[in-house]
Student: 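Below is one structure. I have some questions about it.
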Protein chains: 2
Amino acid sequence: MMTSGPFAVEARHQNKSARTRARLMDAAVEVFARDGFEAASVNEIARMAEVANGTFYVHFKDKDAIAANVAARIATDIADQIDRAMEGMDDALDRFGFATRQFIAFASSQPQWGWVIIRAASFLPEMHRQMETHMCADLEMGCRQGQISAEIDAFLVDTITSMVFAALAARLRGDAGPEAGSRVTELVLNMLNIPPQRAHEVAWQDITLKDLHLPTQPKTERLAH
Amino acid sequence: MMTSGPFAVEARHQNKSARTRARLMDAAVEVFARDGFEAASVNEIARMAEVANGTFYVHFKDKDAIAANVAARIATDIADQIDRAMEGMDDALDRFGFATRQFIAFASSQPQWGWVIIRAASFLPEMHRQMETHMCADLEMGCRQGQISAEIDAFLVDTITSMVFAALAARLRGDAGPEAGSRVTELVLNMLNIPPQRAHEVAWQDITLKDLHLPTQPKTERLAH
DNA sequence: CAAAAAAATGGGAGTTATCTCAATATTTGT
DNA sequence: ACAAATATTGAGATAACTCCCATTTTTTTG
């Protein structure tokens, strides 16, 4: 008996090549989350995916290739879904608060994805930057709307990102409860000199966190060899 | 010709064992800073220290042992010196601002130490925690002095630490200039709802950054073999 | 200065990794 | 059902690493 990860479930009805590739990606998530990118080995990923080690190289050039692939998939998956969930929202601060809270809620409900995101921060700076750019949009909208007086530059965006990531890490370690998203949102808004009352309202208002799509299916039987 | 690191210079007049140990620690700093803790190998450290690989094991049990040693030395060295430099200061916010700015200035003037600190954040959480505890003292003093109204808890301290570390990382990468310390200080104080005017004053006031003691001496001749 | 103590050496056994490739198994198209 | 196309396999060449330890070199001491 073995569990199928999200990628494998998604590829269920594609051809064998795609299915094996997906198994490898799920295994990679598991290993990266557990051991970190540097400590992870191709051998271990193949073992976890229950394929021969040579099979790995049919699908990916090396560890970096699969890491980049996995990280990109996770990042765009989450970003797209958050974007879609916010489609109606106009207020920049509401958007920022929603995105932050939804991001932390989702990444901590899928701890393996969450850990990959945290670990990717140092190993795959591109992913980090992608999330920054994404967040930038709402903050700059806040400037145009006159709600944010601070100037949004790279340093500020970097600081905010590191706060959000720190909150996610605390949540994943178990050091913070489900309120982590709201707390960090309020702190960021305070930092930007939003009136405390408004910051508190944005950060703690009831929102319906969407159940982000993650096509996990329970189990799949499989005979050993 | 080879350069002697800070530890080697400090151990200059001790016995051979201590000197070799110090060489290994300097080499370890160099390798950890360049490659990260996980990617670093005992072989590479020994090679960098110009000693046989077996010599390493005379002085340290394994890579983790030297890493813990180096990190502890760096952390206490910096913390002690900042403490000493602040001996006269009474105002909690001034103390916080000074410590933060001095920390970033020093760690970025010694980039190898700076990188070790950054990388140690994930590999040696103890070091991270040590710095948090240290900072806590000033923040709680700020509460008692009535300057900080927010409640200081683990989540808040963790957030502040991650902001300071992010600023240091940006400085080390070259993405931020010498103003990084002041900027992050002001952001933290804003986050704590200190009146913006006061926050700005604390963060940007002229201070004489002490030249923290780092007994680096330029070079030492040495014949090959 | 010679003997004893301390430190350093480097070869080697054992482990784990990466990546390739000829052989084998599976899937697909007709 | 059969051949061609695709995909998987696992042994093996190569390399790097960890840690040990018998030997050699250096330092200390009487």
Side-chain angles (χ1 to χ4, degrees), chain A residues 2 4 7-8 10-28 30-32 34-70 123 220-225, chain B residues 2 4-5 7-8 11-28 30-32 34-70 123 220-225:
Chain A
M2 63 137 337
S4 295
F7 292 128
E10 200 170 13
R12 215 167 24 209
H13 298 122
Q14 294 185 253
N15 62 25
K16 180 151 202 177
S17 184
R19 290 195 322 265
T20 303
R21 205 183 143 90
R23 289 170 64 81
L24 282 165
M25 289 176 71
D26 281 324
E30 203 159 334
V31 175
F32 289 150
R34 194 191 58 199
D35 302 338
F37 285 96
E38 329 238 6
S41 76
V42 169
N43 272 359
E44 179 63 14
I45 294 170
R47 208 175 301 135
M48 188 77 75
E50 295 176 55
V51 298
N53 96 63
T55 303
F56 177 91
Y57 294 96
V58 175
H59 295 276
F60 296 97
K61 186 178 158 292
D62 55 21
K63 186 177 68 170
D64 286 6
I66 196 173
N69 233 287
V70 161
F123 193 74
T220 299
E221 204 77 38
R222 201 214 202 195
L223 297 177
H225 205 252
Chain B
M2 63 140 333
S4 294
F7 292 128
R12 218 171 20 213
H13 296 124
Q14 294 184 258
N15 62 26
K16 181 151 203 178
S17 183
R19 282 184 342 253
T20 303
R21 207 183 141 90
R23 288 170 65 82
L24 282 165
M25 289 177 71
D26 281 324
E30 203 158 334
V31 176
F32 289 150
R34 193 190 58 198
D35 302 338
F37 286 97
E38 328 238 5
S41 77
V42 169
N43 272 0
E44 178 63 14
I45 294 170
R47 208 175 303 136
M48 188 79 73
E50 294 177 57
V51 299
N53 94 66
T55 304
F56 177 93
Y57 293 96
V58 175
H59 295 276
F60 296 97
K61 186 178 157 291
D62 54 22
K63 186 178 69 171
D64 285 7
I66 197 174
N69 234 287
V70 161
F123 193 75
T220 298
E221 205 75 41
R222 201 211 202 196
L223 297 178
H225 201 264

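Letters go in sequence order (proteins before strands), and every chain restarts at 1.
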Student: Does H59(B) make a side-chain N or O approach to OP1 or OP2 of dA7(C) shorter than 4.0 Å?
Tutor: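 It does not, given that no N or O in the side chain of H59(B) lies less than 4.0 Å from OP1 or OP2 of dA7(C).
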
Student: Taking R23(B) for the side chain and A49(B) for the main chain, is one N or O donor matched with an acceptor at less than 3.5 Å?
Tutor: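 Checking the backbone N and O of A49(B) against the side chain of R23(B), a donor-acceptor pair under 3.5 Å is found.
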
Student: Taking the side chain from R19(A) and the backbone from Q14(A), do they hold a donor-acceptor pair closer than 3.5 Å?
Tutor: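 Yes.
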
Student: Please check the phosphate of dA7(C) (OP1 and OP2 only) for any side-chain N or O of T20(B) closer than 4.0 Å.
Tutor: no

Student: How long is the line joining CG of N15(B) and C1' of dA5(C), in whole Å?
Tutor: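 Those two atoms, CG and C1', are 13 Å apart.
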
Student: Could you state the CG-C1' distance from L24(B) to dT9(C), rounded to the nearest angstrom?
Tutor: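 In whole Å, dT9(C) C1' lies 13 Å from L24(B) CG.
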
Student: Nearest whole Å is fine: how far is dA7(D) P from R23(A) CZ?
Tutor: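 Whole-Å distance recorded here is 16 Å.
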
Student: Protein within reach of the bases, or only the backbone? For nucleotides 15-23 of chain D, mark each nucleotide 5' to 3' as B, S or -, using heavy atoms under 4.0 Å.
Tutor: --SBBB---

Student: Could you tell me the separation between the NZ atom of K16(B) and the C1' atom of dA8(C), rounded to a whole number of Å?
Tutor: 7 Å

Student: With a 4.5 Å heavy-atom cut-off, do F32(A) and I66(A) have their side chains touching?
Tutor: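 In short, these two side chains touch, coming nearer than 4.5 Å.
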
Student: Determine yes or no for a side-chain-to-main-chain donor-acceptor pair under 3.5 angstrom, with D26(A) supplying the side chain and F7(A) the backbone.
Tutor: yes

Student: What's the CZ-P distance between F60(B) and dA7(C), to the nearest Å?
Tutor: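 For the pair F60(B) CZ and dA7(C) P, the rounded distance is 14 Å.
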
